[in-house]
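Letters A, B, ... are given to chains in the order of the sequence lines, protein chains preceding strands, and every chain is numbered from 1. Please read all numbers here as calculations on a predicted model, not as lab measurements.
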Protein chains: 2
Amino acid sequence: MKIDPKKPADLSAQIAQAIRDAIISGELIVDERLPSEAELSEQFQVSRPTVREALKRLAAQSLIRTQRGASGGAFVNRLSFEGAYSQQITTSTLLLSMNAVSFDTACEARFALERACAPLSAQRRTADQLATMRAEIHRQSQPGLTDEAFCASDVALHRALVDGAGNPVLSYQLAGAVEAMQPLMNMITFTARSREAIISLHNEIADALEDRDSTKVDATLVELENYTRQLAQDVAQQRSKPA
Amino acid sequence: MKIDPKKPADLSAQIAQAIRDAIISGELIVDERLPSEAELSEQFQVSRPTVREALKRLAAQSLIRTQRGASGGAFVNRLSFEGAYSQQITTSTLLLSMNAVSFDTACEARFALERACAPLSAQRRTADQLATMRAEIHRQSQPGLTDEAFCASDVALHRALVDGAGNPVLSYQLAGAVEAMQPLMNMITFTARSREAIISLHNEIADALEDRDSTKVDATLVELENYTRQLAQDVAQQRSKPA
DNA sequence: AGACTTTTAAATGTCAGACAAATAAAAATT
DNA sequence: AATTTTTATTTGTCTGACATTTAAAAGTCT
């Protein structure tokens with residue numbers, strides 16, 4: 001069943017893997033309760049702290065949740081799309097920061113993925129999603145908005161575009177790409193003029209989506225990508241010779 | 001610094017979050033050694049098992065690695081693209097299986113993302129990557145290949161296509177989408193005739209990539225998507241009325 | 001002095017037993 | 001019958017200990 005050869009490495013890692021496999025293989029169903037820590041330690045012939053370390057590993061991956069009390073215990077989590085976003089975003093953020101990915105590379109990836117959604121979104125976007133985009137555009141045009149808030153709104157707008165494709169798998173995959181870029185975007189200082197240009201492009205995208213004109217959406221996204229890269233390049237240049 | 005209010009929830013979760021934040025914020029550098037478990041328990045005013053549970057959580061996310069021995073301890077991991085793949089794949093696999101995503105939805109997402117890479121790949125693919133694709137196509141045409149091996153080769157081919165874009169962020173994002181689909185693909189039984197058709201399309205893709213003809217690549221991917229969906233539909237139909 | 005072996009110390013990995021806290025079910029009381 | 005109290009179960013945490021691994025320090029021999 002969930003046996004455990006005592007040959008190679010950390011017991012807690014082995015136990016975690018055994019339980020993980022049982023979940024993936026469907027041996028353990030969603031919302032099913034695992035044996036109690038005491039029972040698991042009996043079953044695997046290890047101490048309770050070791051079992052606990054294994055369970056914490058699984059909890060870190062959102063594979064299980066724990067509940068205290070009489071009929072408490074560890075339960076198999078239904079990994080929801082929403083719940084998987086955060087993991088995806090954390091991982092992507094770390095990847096981008098630790099591997100010193102260039103802005104260009106990240107930007108290229110982000111827009112390539114987003115353009116993949118555009119045709120589907122043009123076809124399927126709901127009125128609600130369009131309204132969300134319009135609302136974000138309106139927020140972006142308000143004076144006194146911080147750069148951080150501007151970027152956050154930008155992310156929200158693009159999330160709405162992606163969600164418009166009506167494909168949760170796509171939305172999940174892109175959440176990381178779009179949101180993980182935000183820290184990088186935050187490094188750009190947006191002048192009033194650049195904001196105006198971006199908002200204008202955002203409006204074009206919304207209009208095109210309203211008309212369900214996927215060609216126009218794609219073309220505008222390309223424009224937006226080029227403009228974003230240009231902005232980043234200008235900022236980098238200005239910083240290198242501040243005189 | 002990495003303080004810890006003892007108000008709300010699990011101490012080990014709080015400590016893990018504190019250390020995680022320190023890593024993300026850059027307060028802890030890659031390959032830097034964390035304080036020993038004893039020191040951490042002193043610092044956070046908790047016991048060593050609690051600290052250990054926190055560290056195991058971080059280890060499960062590949063944020064740290066541990067080493068035994070005299071100058072051992074917990075070290076901040078460089079989260080490599082390669083290393084992030086497995087997490088991405090596990091998460092995506094679980095998502096697909098637990099949420100009963102339809103084959104159509106997963107398939108649509110997968111090809112949408114892949115088509116996003118196609119233009120870049122047509123432009124930048126190396127001779128090596130093309131050779132890899134040719135080799136996989138050759139393998140696919142060998143008789144006696146199991147369905148699992150055929151699918152694995154299929155994954156390898158598409159990975160090569162995606163890698164051809166020369167954008168590690170894209171490759172990382174798509175690894176999950178492509179590989180997580182494999183269990184679903186394995187459920188399709190490939191007849192000799194359907195394999196032949198797929199291989200023919202694969203050859204077309206390789207030819208188009210050799211010619212750096214991105215339009216052709218895209219068109220062929222669309223064909224492949226349609227054919228794949230058709231196959232899945234046929235299998236589903238046949239299973240519903242096995243007479 | 002230099003190369004090899006032995007010892008030592010530091011660190012993680014594991015264990016055992018205990019108590020605290022939360023929680024739901026069972027029992028008792030009104 | 002409804003409410004309160006008790007109880008049992010289970011996770012969360014602590015203390016203290018021992019085992020194992022590993023690198024560096026100490027010692028030994030040529």
Rounded off to whole Å, could you give me the CZ-to-P distance for the B:Arg33 and C:dA11 pair? 5 Å
Provide, to the nearest angstrom, the distance between the NZ atom belonging to B:Lys56 and the C1' atom belonging to C:dG13. 8 Å
Can you tell me if the side-chain N/O atoms of B:Thr50 get under 4.0 Å from OP1 or OP2 in D:dG12? no
Would you indicate what A:Arg65 reaches in the nucleic acid, counting non-hydrogen atoms under 4.0 angstrom: base, sugar-phosphate, or nothing? nothing
Indicate yes or no: at least one non-hydrogen side-chain atom of B:Leu55 is less than 4.5 angstrom from one of B:Ile19. yes
Given the rule in the salt bridge (Lys or Arg N to Asp or Glu O under 4.0 Å) test, do A:Asp31 and A:Arg65 qualify, once you have shown the distances and angles that lead to the verdict? CA-CA 9 Å; A:Asp31 288 334; A:Arg65 62 180 180 280; 2.9 Å; yes
Taking every non-hydrogen atom, the tightest pair across A:Ala180 and A:Ile89: CB-O, 4.4 Å
Among C:dA16, C:dA10, D:dT10, the one nearest B:Ala70 by side-chain distance: C:dA10
Side-chain N or O of A:Ser47 closer than 4.0 Å to phosphate OP1/OP2 of C:dC15: yes
Could you point out which residue of A:His202, A:Arg139, A:Arg159, A:Gln140 forms a side-chain hydrogen bond (donor to acceptor under 3.5 Å, both in side chains) with A:Asp154? A:His202
Would you indicate, yes or no, if D:dT11 has its OP1 or OP2 atom less than 4.0 angstrom from a side-chain nitrogen or oxygen of A:Arg52? no
Do any side-chain nitrogens or oxygens of A:Arg68 fall under 4.0 Å of OP1 or OP2 in C:dA24? no
Please report, rounded to the nearest Å, how far the P atom of D:dG12 is from the CG atom of B:Asp10. 5 Å
Taking atom types as they are modelled, is there a donor-acceptor pair under 3.5 Å from the base of D:dG12 to the side chain of A:Arg48? yes
To the nearest angstrom, how far is B:Glu53 atom CD from C:dT12 atom P? 16 Å
Report the distance from atom CD of A:Glu37 to atom P of D:dT13, rounded to the nearest whole Å. 11 Å
Send over the distance from B:Leu40 CG to D:dT13 P, rounded to a whole Å. 16 Å
Distance-minimising heavy-atom pair for A:Glu108 and B:Ala165: OE2-O, 4.5 Å
Find the distance A:Leu11:CG to C:dA16:P and express it as a whole number of Å. 12 Å
Atom CG of A:Leu34 and atom C1' of D:dT11: how far apart are they, to the nearest Å? 13 Å
Between B:Pro49 and B:Ser36, who's closer to the 5' end of DNA chain C by nearest nucleotide? B:Ser36
Here's a test of your reading of the structure: between A:Gln45 and A:Gly69, which maps to the more 5' nucleotide of DNA chain C? A:Gln45
Is the distance from OP1 or OP2 of D:dG12 to the nearest side-chain N or O of A:Thr66 less than 4.0 Å? yes
